[in-house]
Peer 1: 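Here it is: the structure, laid out below.
The shown structure was predicted, so the numbers you read here are calculated from the model rather than taken from an experiment.
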Amino acid sequence: MKTLYIECNMGAAGDMLMSALSELIDNPGDFIDRMNALGIPGVRFERQSAVKCGVTGTHIAVTVDGEEEVSEDVHDHEHEHHHDHDRDHGHEHEHHHDHDHHDHDHHDHEHEHSEPHAHHHHHAHLSDIRAIIDGLPVSEKVKADAAAVYGLIAKAESEVHGAPVEHIHFHEVGTLDAVADVVGVCALLAEIAPEKIVVSPVHVGSGQVRCAHGVLPVPAPATAKILAGVPIYGGAIRGELCTPTGAALLKHFATAFGPIPAMSVEKIGYGMGTKDFEWANCVRAMLGETDEAAGEVVELCCNLDDMTGEEIAFAADVLRDAGALDVWTEAIQMKKGRPGTKLSCLCGGERERDFAALMLRHTTTIGVRAQTLRRYTLDREAVTLNTSHGPVRAKRSFGYGVERVKPEFDDLAQIARRDGAAVREIRVE
């Protein structure tokens, strides 16, 4: 299966994602030409080579009327030189205001000495952004993906500010460069066309960032809303590493979040930020093939010694009804010689947290263990078999040089009750 793995050890921003993905296609120069031909007002794309910690990658500079935006982190004196690593960081939440709020964001403050930027004090609603996207000469898929990404951002902003989505304001400059980033990433993913996209846990940074509403914690409230349910972590780096735009792109496109799967890597792309850190400041994208015959599943389990058999059976039924791939129990011996029960279930990696939450809710355990496993499975299809007592449903399994057909026991049992026969007497013809 064609699989894309996106490594976010230094967070994610729209331009960094676009830069990394551009290294995975055959003609990145042609991509830049196509983006410049879109006609986004005042926007210009330029592909530049960049080196971080000795690693060479790409930075796609997106400028609006010749200016590339930079965000402003808030640091104590000992970290005063560790600024956020690219202009996309923080620009989204800085430009989203509730209906009655008209403070200028920090980008206006940074450029207030420059008269040409006076016209960038306008705002746009989500409907205006959708109109911009709808008017671009791109495919319907790219338009739909871009609109969905902006929908995630607007929904998060509306919840943060307590205002309806239609009242959320986007600052003009932030709108244009973010639209460029979002459309660029959507266009690249449409061209690359991965069947599966796995994203690493996202490094969000730490500390505070300055925006139109004041100084906010990292991750910014809108980013935190978007990343709900996504594995994230902080660290020693002071600053905002994951922007709302980057978060929304990852949330929209990711098939799963987790470690790199077993894959044969064919291409690697590095998307560089503009700031320098002790760590390589980049998003890394790896494109290759995964062997779906050896699929990955998550096994969740917990040890129980203070529940009745009926209660454990009910918890197992809850897991089955929720769609677990398998559920089982084992008799175990716990500390002080107490007899206990180990409850386990299998699920897809994208539902790990859901099933862990169900186990914690419906059992008395205070902890659930999880591990990722590889499994080999036969292909399956439903067939109908003729028997001495009429047709029954069956499951045909095949692959790896193996083929077997198994009648559905419920059908055999129903026939046995109907005809007064033993199940073993129902012959398959």
Peer 1: Any side-chain heavy atom of Thr63 sitting closer than 4.5 Å to one from Val43?
Peer 2: no
Peer 1: Using a strict 4.0 Å threshold on nitrogen-to-oxygen distance, state whether Arg396 and Glu381 make a salt bridge.
Peer 2: yes
Peer 1: Looking at His59 and Gly273, would you say the former's side chain and the latter's main chain have a donor-acceptor pair under 3.5 Å?
Peer 2: no
Peer 1: For Ser397 and Lys406: C-alpha separation, side-chain torsions, deciding distance, then whether side chain to side chain contact (heavy atoms under 4.5 Å, CB included) applies.
Peer 2: CA-CA 8 Å; Ser397 304; Lys406 182 179 180 181; over 6 Å; no
Peer 1: With no hydrogens and no angle check, is any side-chain donor or acceptor of Thr365 less than 3.5 Å from a backbone partner on Gly367?
Peer 2: yes
Peer 1: Would you call Val55 and Cys282 a side-chain contact if the rule is heavy atoms closer than 4.5 Å?
Peer 2: no
Peer 1: Would you list the atom pairs, donor with acceptor, under 3.5 Å between side chains in residues 246-256 and any protein atom, with sequence neighbours excluded?
Peer 2:
residue: Lys251; atom: NZ; partner: Ile226; partner atom: O; Å: 2.7
residue: Lys251; atom: NZ; partner: Ala228; partner atom: O; Å: 3.1
residue: His252; atom: NE2; partner: Asp145; partner atom: OD1; Å: 2.9
residue: Thr255; atom: OG1; partner: Ile197; partner atom: N; Å: 3.0

Peer 1: Between Lys143 (side chain only) and Asp134 (backbone N and O only), is there a donor and an acceptor less than 3.5 Å apart?
Peer 2: yes
Peer 1: Are the side chains of Ile60 and Phe31 in contact, using a 4.5 Å heavy-atom criterion?
Peer 2: yes
Peer 1: Sub-3.5 Å donor-acceptor pair from the side chain of Glu195 to the main-chain atoms of Lys2, do we have one?
Peer 2: yes
Peer 1: Does one side chain, of Thr364 or Asp306, offer a donor that lies under 3.5 Å from an acceptor on the other?
Peer 2: yes
Peer 1: Can you tell me if Ser158 uses its side chain to pair, donor with acceptor, with the backbone of Lys155 under 3.5 Å?
Peer 2: yes
Peer 1: To the nearest 0.5 Å, how far apart are SG in Cys347 and CZ in Arg353?
Peer 2: 12.5 Å
Peer 1: Just verifying a value: how many Å separate Leu126 CG and Ile133 CD1, rounded to the nearest 0.5 Å?
Peer 2: 8.0 Å
Peer 1: Enumerate donor-acceptor pairs with a distance under 3.5 Å from any side-chain N or O in residues 20-30 to protein atoms, sequence neighbours excluded.
Peer 2:
residue: Ser22; atom: OG; partner: Ser19; partner atom: O; Å: 2.7
residue: Glu23; atom: OE1; partner: Tyr270; partner atom: N; Å: 2.9
residue: Glu23; atom: OE2; partner: Thr58; partner atom: N; Å: 3.4
residue: Glu23; atom: OE2; partner: Thr58; partner atom: OG1; Å: 2.7
residue: Asp26; atom: OD1; partner: Lys267; partner atom: NZ; Å: 3.1

Peer 1: Taking side chain as C-beta onward, heavy atoms only, is Cys301 less than 4.5 Å from Val368?
Peer 2: no
Peer 1: Regarding Glu7 and Arg284, does a basic nitrogen lie under 4.0 Å from an acidic carboxylate oxygen?
Peer 2: yes
Peer 1: Do the side chains of Glu311 and Thr308 get nearer than 4.5 Å, heavy atoms only?
Peer 2: yes
Peer 1: Taking atom CD1 of Ile312 and atom CG of Asp317, what is their separation to the nearest 0.5 Å?
Peer 2: 12.0 Å
Peer 1: Please round to the nearest 0.5 Å and tell me the distance separating atom SG of Cys302 and atom CG of Leu360.
Peer 2: 8.0 Å
Peer 1: With Tyr5 as reference, evaluate Ile260, Val199, Leu287 under the side-chain contact (heavy atoms from CB on, under 4.5 Å) test and give the passing residue.
Peer 2: Ile260
Peer 1: Main chain of Pro219, side chain of Thr223: is a donor-acceptor contact present, judged purely on distance under 3.5 Å?
Peer 2: no
Peer 1: Looking at CE of Met18 and CD1 of Ile32, how far apart are the two atoms once the value is rounded to the nearest 0.5 Å?
Peer 2: 6.5 Å
Peer 1: Would you say Tyr233 and Asn9 make side-chain contact, with heavy atoms under 4.5 Å?
Peer 2: yes
Peer 1: Do Val183 and Met35 have side-chain heavy atoms sitting under 4.5 Å apart?
Peer 2: yes
Peer 1: Please confirm whether the backbone N or O of Arg393 pairs with a side-chain atom of Asp411, one donor and one acceptor, at under 3.5 Å?
Peer 2: yes
Peer 1: Donor-acceptor pair, distance only, cut-off 3.5 Å: does the side chain of Ser206 make one with the backbone of Gly235?
Peer 2: yes
Peer 1: Kindly indicate whether the side chain of Arg375, heavy atoms from C-beta on, has any atom under 4.5 Å from the side chain of Leu325.
Peer 2: yes
Peer 1: Does Asp379 have any side chain to side chain donor-acceptor pair (under 3.5 Å) partners at least two apart in sequence or in another chain, and if so, which?
Peer 2: none
